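One structure is given below, encoded as structure tokens.
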Amino acid sequence: MSEAVSRRSAVRLLALVGLGAGGCVATVPPGAPTPAPAPEPAGAARIDSLLERLTLEEKTALLHGARDPAPLGQAGYVPGVPRLGIPALRIADGPAGVRVARPATALPAPVLLASAFDPALAREYGRVLGREGRALGQDVLLAPMADLIRTPYAGRNFEAFAEEPRLTADLVAEVVHGIQDEGLIAAVKHFALGTQEHGRDTLDVVAAERTLHESALRGFEAAVAAGAGVVTATDNKVNGVYAGESEPLLDEVLRGAWGFEGWVMSDWDATHSTVAAIGAGLDMEMPGGTRFGGPLREAVRAGSVPEGAVDLAVRRILRTMDRFGLLAARPAARPSRDAAAGARTAHKVAAAGAVLLRNEHATLPLTGAAARSIAVIGPTGQVPFVGGGGRAHVVPDAAAAPLTAIRQRAGNGSTVRHALGEDLYGRALPAALLTPPEALDDRAVDAGRDWAYEGEFRLAADDEWTLLVHYTGQRPDVRLDGQELFPLRQGPAEVFAGGLLGSAPDGMSVRRRTLPLKAGVHRLAVTARGGQRGQRFRLRHTTKATRAADLAEAVRTAKAARSVVLFAYEDATEGSDRTSLALPGGQAALIEAVAAANPRTTVVLNTSSGTTMPWLARTGAVLQMYYPGQEGAAATADILFGDVDPGGRLTQTFPADERTTPVGGDRLRYPGVGGRQEYGEGVHAGHRWYDAGRAAPLFPFGHGLSYTTWHYEKLTVRSGAAQGEPDGLRVEFTVRNTGRRKGIEVAQVYVGPSARLELDQPVRALAGYRRLTLAPGESQRVVVDIDARTLSSWDPSTHAWVLGSGRREVFAGRSSRELPLRSKAVVGSR
């Protein structure tokens with residue numbers, strides 16, 4: 001990390017950072033060691049030789065994506081230069097698996113991994129990604145995602161880790177280590193402030209200097225320190241400049257202050273210029289060469305871009321390839337897939353991250369009579385809900401349904417019945433309903449052909465319909481009364497203004513649209529295109545009457561059972577943010593009705609982020625499983641029956657209502673006004689905002705229940721001088737399992753502000769944590785060392801970290817709002 005940056009750079013940055021912020025250049029925090037410069041790779045001379053022999057055309061071909069002559073279903077491809085032994089690069093989507101044309105291990109969503117508060121498990125998760133990526137013919141994986149969970153509305157929160165910068169940084173670093181341990185290059189994303197889907201291509205995100213360093217950039221800094229080979233530049237602007245054209249971000253912070261030596265790749269279609277982008281430090285345009293192909297060569301020949309800038313970008317790419325052995329005369333052989341090992345890790349992560357939010361009257365675990373008579377309700381009880389949508393979606397080798405896993409675990413002599421409750425995939429439109437009659441439930445369209453239907457149907461009374469289209473190729477055009485039901489927004493990904501994304505049990509994509517229909521005649525038009533490979537599609541529907549019948553069946557099934565496990569879901573995806581924090585469709589009414597019929601109702605949530613729960617008080621238990629991956633069914637059964645203690649804790653605050661969030665009611669904070677967004681919450685990200693405003697959440701950061709009970713005692717805090725950290729603190733306390741079951745606890749340590757710093761500081765910030773497994777009656781002395789960096793704040797007046805010295809309060813406990821132990825200690829006694 002650089003300790004000095006020119007005043008010219010600081011002044012230039014000051015001009016770009018909004019909200020009165022100063023420069024954005026990092027210096028070493030008090031007490032932190034200065035890293036030694038990275039050694040020059042062994043192949044430096046060879047890279048010099050390659051650069052001398054490469055033509056300008058060959059150089060620029062290495063700086064952008066192209067069409068893969070032998071595609072494997074991956075996201076991107078960069079042609080090599082065969083005559084010089086430079087291989088092609090294949091780049092796959094992550095971050096919860098390797099997305100290619102073949103099946104791969106579908107790991108739990110990163111937010112579920114993070115809920116385990118276990119860096120070692122994060123490394124194991126990364127190693128699965130790394131091995132599978134190499135085995136499936138890939139060289140670079142677009143993972144992990146280092147952006148914070150800033151707003152509960154963000155469509156890709158399931159791909160992120162946490163709202164807390166410290167926890168995010170810890171886990172991002174370990175996933176990077178794991179991926180790269182296996183020889184795959186990790187491409188950390190999205191640098192920077194890419195925390196929402198709404199307007200992501202054009203939004204100007206304005207954040208103060210302190211906000212950047214203390215919150216938004218922590219995960220990226222950790223990824224660089226862990227040796228990430230690639231950083232991807234996000235779509236949006238940062239303080240008035242597109243991220244891929246920002247010298248303050250790419251040159252001064254990423255390379256200057258943090259010492260990043262890999263290459264910077266644009267997010268897909270996020271390269272907005274040629275001269276400005278390569279001048280700022282963007283090295284590679286993806287997925288094509290609109291800016292870095294012919295236009296870059298022309299700019300070099302015209303003198304507006306020095307060829308040295310092209311050489312520098314190529315050198316960064318070749319140096320990273322060499323570091324991973326891709327330029328070796330005999331590259332390491334690719335491993336075979338170990339699907340069984342991947343499945344074991346997927347199961348382990350899903351169980352470890354499961355968060356028990358509520359458990360009244362010993363509803364869980366299911367034992368005795370409660371385990372022998374069970375009603376499983378909800379479509380995702382019968383059909384596995386593996387992962388989120390968009391480019392994070394991975395097709396697994398196999399995935400069992402929770403209903404199957406529950407029946408197997410309940411065993412012989414038990415009764416487990418299922419009721420749909422909420423129809424997720426719809427019923428066929430009867431051919432006789434349409435004029436002219438036509439079967440639309442399963443149509444095949446040949447490659448290179450189009451298929452079209454136009455007709456009408458008549459409703460005898462007003463009704464509310466949900467129309468669903470399932471398809472395998474290009475989304476069919478469906479029009480009702482002339483209105484396109486699933487309009488496609490222009491952009492880098494397939495994004496829908498109306499309709500939610502999902503996947504049917506057979507892997508077909510699904511879109512849904514609910515709308516009121518008047519009595520009378522309605523016109524329906526459908527056009528489907530076969531494309532290059534042909535496709536299948538089906539059109540389905542539900543109505544008010546079918547939904548009422550499903551609800552009544554669910555209530556009858558619940559009344560007849562001793563216990564109810566109700567699976568609730570939410571389709572979240574890249575490309576669109578959530579429009580509500582409530583469960584979609586009629587699921588809230590379903591939960592209310594079922595819980596009223598049977599108070600021993602456990603709600604299992606397969607949702608992406610914080611969810612409002614007006615139905616909470618009626619339930620017996622609530623288990624947050626997020627998107628649990630291919631082994632989610634077995635892991636869920638483990639928790640429900642008490643084979644595993646629920647050891648997950650929330651890495652994001654769940655709000656009590658839609659208004660009480662860090663962005664609630666302030667459109668400038670979210671989703672932005674006139675193309676501009678401001679991080680007005682400053683350093684008060686996530687739970688820090690709730691603490692500063694004394695706002696009551698539904699569930700706080702760090703919350704999670706256990707099947708046993710815990711006691712905290714004997715807190716001591718002293719200077720870390722004896723541990724070689726003179727400005728740090730050593731925190732010790734005892735945690736005891738006071739219940740009758742073996743259990744898992746996540747002990748958390750928070751630190752309060754320094755009165756000596758005239759800076760706005762969090763009421764409490766996470767300073768450390770330990771995941772513990774203790775037998776009944778067992779206790780453990782927990783030691784958490786707090787380093788100087790954690791005790792420091794970024795001072796915009798000096799553009800540097802400054803130690804928060806003086807008397808500081810330290811807290812220990814089970815969540816950000818359950819902290820029974822507190823003490824004070826002096827920081828910076830020197």
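Treat the numbers as computed from the prediction; the structure is a model and nothing was measured.
The distance from the CG atom of Leu148 to the CD atom of Gln652 is 11.5 Å, given to the nearest 0.5 Å. Between the CG atom in Leu605 and the CZ atom in Phe654 there is a gap of 7.0 Å [rounded to 0.5 Å]. For the atom pair CG (Asp204) and NZ (Lys237), the distance works out to 6.0 Å, reported to the nearest 0.5 Å. With rounding to the nearest 0.5 angstrom, the CE atom of Met145 is 5.5 Å from the CZ atom of Arg156. Annotation: the span from Glu631 atom CD to Thr636 atom OG1 amounts to 11.0 Å, rounded to 0.5 Å. Rounding to the nearest 0.5 Å places CZ of Arg150 at 8.5 Å from CG of Leu193.
For Pro95, the side chain to side chain contact (heavy atoms under 4.5 Å, CB included) partners two or more places apart in sequence, or in a different chain, are Pro110, Ala143, Glu159, Lys189, Ala392. In this view, Phe292 satisfies the ring-ring contact (aromatic ring centres under 6.0 Å, His included) rule with no residue, not counting sequence neighbours.
Of all heavy-atom pairs between Ala169 and Arg218, the closest is CB-O, 3.8 Å. The minimum heavy-atom distance between Ala162 and Leu167, with the atom names listed, is CB-CD2, 3.9 Å. Counting all heavy atoms, side chain and backbone alike, Asp283 lies closest to Ile317 at O-CD1, 4.2 Å. When all heavy atoms of Asn606 and Pro628 are compared, the pair lying nearest together is ND2-CD, 3.7 Å. Closest heavy-atom contact between His272 and Asp235: NE2-O, 3.4 Å. Of all the heavy atoms in Ile149 and Ser609, the pair that sits closest is CG2-OG, 4.5 Å.
In this structure, the side chains of Arg512 and Val510 come closer than 4.5 Å at one or more pairs of heavy atoms. Side-chain atoms of Val355 and Pro646, non-hydrogen and from C-beta on, never get closer than 4.5 Å to each other. Within the 4.5 Å cutoff, the side chain of Leu184 has no heavy atoms near those of the Val140 side chain. Between His470 and Arg536 the shortest side-chain heavy-atom distance does not fall below 4.5 Å. In this structure, the side chains of Leu171 and Leu113 stay at 4.5 Å or more apart for every pair of heavy atoms. Taking the side chain as every heavy atom from C-beta outward, Ile91 and Tyr77 never approach each other to under 4.5 Å.
Only one option out of Thr607, Leu424, Leu583 pairs with Tyr569 in a side chain to side chain contact (heavy atoms under 4.5 Å, CB included); it is Leu424. Just one of Arg475, Arg513, Arg511 meets the salt bridge (charged side-chain N to carboxylate O under 4.0 Å, His left out) condition when paired with Glu484; it is Arg475.
In this structure, a donor-acceptor pair under 3.5 Å is present between the side chains of Asp638 and His347. Side-chain contact check for Glu285 and Ser266: no donor-acceptor pair (N or O, by modelled atom type) lies under 3.5 Å. Donor-acceptor pairing under 3.5 Å is recorded for the side chains of Glu658 and Tyr153. Side chains of Glu163 and Thr653: a donor-acceptor N/O pair is present below 3.5 angstrom, by distance only.
No donor-acceptor distance shorter than 3.5 angstrom exists from the side chain of His190 to the backbone of Thr232, with no hydrogens or angles considered. Judged by distance alone, with hydrogens and angles left aside, the side-chain atoms of Glu164 form a donor-acceptor pair with the main-chain N or O of Leu766 at under 3.5 Å. Judged by distance alone, the side chain of Asp147 and the main-chain N or O of Thr195 form no donor-acceptor pair under 3.5 Å. Side-chain N or O atoms of Arg131 include none that pairs as donor or acceptor with a backbone N or O of Glu182 at under 3.5 Å. Between the side chain of Gln74 and the backbone N or O of Leu72, at least one donor-acceptor pair lies under 3.5 Å. Glu197 places no side-chain N or O within donor-acceptor distance of the main-chain N or O of Ala154, the cut-off being under 3.5 Å. Remark: side-chain polar atoms of Glu221 are not paired, donor with acceptor, to backbone N or O of Gly219 under 3.5 angstrom. Judged by distance alone, with hydrogens and angles left aside, the side-chain atoms of Arg127 form no donor-acceptor pair with the main-chain N or O of Asp181 at under 3.5 Å. In this structure a side-chain-to-backbone donor-acceptor pair under 3.5 Å is missing from Thr320 to Gly262. No side-chain donor-acceptor contact under 3.5 Å links Gln532 to the backbone of Gly534.
For Phe385 and Tyr627, the ring centers are positioned less than 6.0 Å apart.
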Practice task
Step by step, work out the side-chain hydrogen bond (donor to acceptor under 3.5 Å, both in side chains) result for Gln677 and Gln196.
Solution key: CA-CA 11 Å; Gln677 180 185 73; Gln196 68 185 59; 2.3 Å; yes

Problem - Stepwise side-chain contact (heavy atoms from CB on, under 4.5 Å) check, Tyr626 with Val111 - result: CA-CA 8 Å; Tyr626 294 108; Val111 69; 3.6 Å; yes

Exercise for the section: Could you check Arg540 against Asp423 for side-chain contact (heavy atoms from CB on, under 4.5 Å), going step by step and ending with a plain yes or no? Expected result: CA-CA 11 Å; Arg540 293 189 170 188; Asp423 192 342; over 6 Å; no

Practice task
Determine, step by step, whether His198 and Asp577 satisfy the side-chain hydrogen bond (donor to acceptor under 3.5 Å, both in side chains) criterion, reporting the C-alpha distance in whole Å, the side-chain angles of both residues, the deciding distance to 0.1 Å, and the verdict.
Solution key: CA-CA 6 Å; His198 183 90; Asp577 286 340; 5.4 Å; no

Practice task
Would you check, one step at a time, whether the test side-chain contact (heavy atoms from CB on, under 4.5 Å) holds for Thr105 with Gln630?
Solution key: CA-CA 7 Å; Thr105 301; Gln630 68 182 54; 3.9 Å; yes

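Residue pairs meeting the salt bridge (charged side-chain N to carboxylate O under 4.0 Å, His left out) criterion with at least one member in residues 336-353, sequence neighbours excluded: Glu124-Lys348, Glu132-Arg337, Arg337-Asp397.
With Tyr679 as the aromatic partner, Arg669 does not meet the cation-pi criteria of under 6.0 angstrom to the ring centre and within 45 degrees of the ring axis.
At a threshold of 4.0 Å, the pair Asp139-Arg334 counts as salt-bridged, since one of the basic side-chain nitrogens sits closer than that to a carboxylate oxygen.
Counting non-hydrogen atoms of neighbouring residues, nucleotides and ligands closer than 6.0 angstrom, the CZ atom of Arg102 reaches no more than 12 such neighbours.
By the 30° and 60° cut-offs, the orientation of the rings of Phe117 relative to Tyr769 is perpendicular.
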